Amino acid sequence: MEHARIAADPAVMMGKPCIRGTRITVELILRKLGAGRSFADILDAYPQLTEPDLRAALAFAADYLQHETVLAAE
């Protein structure tokens with residue numbers, strides 16, 4: 001998975017995927033969206049982010065889950 005706006009550096013946030021050039025994790029963005037915050041709310045709270053950054057976080061998460069292995073339960 002190559003996402004130009006996402007970086008995972010062991011020296012930044014213990015290697016969690018972040019928006020490139022920030023310490024804002026993809027996880028934080030997903031949690032905020034999952035809690036009902038809008039793009040506008042997040043952009044107001046984190047002015048260093050852009051709408052394409054938020055969309056990149058969603059795309060990264062979707063790609064990550066696409067490669068998840070699912071085992072059938074019996």
Side-chain angles (χ1 to χ4, degrees):
M1 288 183 298
E2 184 62 34
H3 292 271
R5 293 181 177 273
I6 308 296
D9 180 347
V12 177
M13 300 300 289
M14 297 184 294
K16 286 188 173 190
C18 294
I19 301 301
R20 189 172 300 284
T22 74
R23 298 177 65 80
I24 300 170
T25 62
V26 170
E27 176 187 3
L28 175 82
I29 293 168
L30 296 176
R31 288 192 183 281
K32 299 274 185 197
L33 291 169
R37 302 282 301 268
S38 69
F39 272 27
D41 291 339
I42 296 169
L43 295 174
D44 285 343
Y46 302 93
Q48 65 271 47
L49 294 178
T50 64
E51 187 171 327
D53 291 332
L54 301 182
R55 293 193 186 287
L58 291 171
F60 178 88
D63 285 349
Y64 184 87
L65 290 172
Q66 179 183 9
H67 299 290
E68 181 180 43
T69 300
V70 178
L71 303 175
E74 293 184 28

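FYI, side chains are in, hydrogens and waters are out, and symmetry mates aren't considered; it's all heavy atoms of this structure. Sequence positions, counted from 1, serve as the residue numbers for this chain. Computed from a prediction, not measured in an experiment: that's the story for all the values here.
Minimum interatomic distance between A56 and H3 (heavy atoms only, all atoms of both residues): O-ND1, 4.4 Å. Considering every non-hydrogen atom in both A7 and R20, the closest pair reads CB-NH1, 3.6 Å. G15 approaches A8 most closely through the heavy-atom pair O-CB, 3.5 Å. In terms of heavy atoms, D44 sits closest to P47 at O-CD, 3.9 Å.
R5 places no side-chain N or O within donor-acceptor distance of the main-chain N or O of A57, the cut-off being under 3.5 Å.
Rounded to the nearest 0.5 angstrom, L54 CG and K32 NZ are separated by 12.0 Å. Rounding to the nearest 0.5 angstrom, the gap separating the CG atom in L58 from the CZ atom in F39 is 5.0 Å. The distance from atom CG of D53 to atom CZ of F60, rounded to the nearest 0.5 Å, is 14.0 Å. Taking OG1 of T22 as the reference point, atom CD1 of I29 lies at 7.0 Å (rounded to 0.5 Å). One finds the NZ atom of K16 at 14.0 Å from the CD1 atom of I24 (value rounded to the nearest 0.5 Å).
Listed by chain and residue number, L30 satisfy the side-chain contact (heavy atoms from CB on, under 4.5 Å) test with A61 (two or more places apart in sequence, or in another chain). Applying the side chain to side chain donor-acceptor pair (under 3.5 Å) test to D41 and every residue at least two apart in sequence or in another chain returns S38.
With contacts defined as side-chain heavy-atom distances shorter than 4.5 Å, the pair Y46/I19 does not qualify.
Linking ILVMFWY residues whenever their side-chain heavy atoms come closer than 4.5 Å, directly or via other members, leaves L49 and M13 in distinct clusters.
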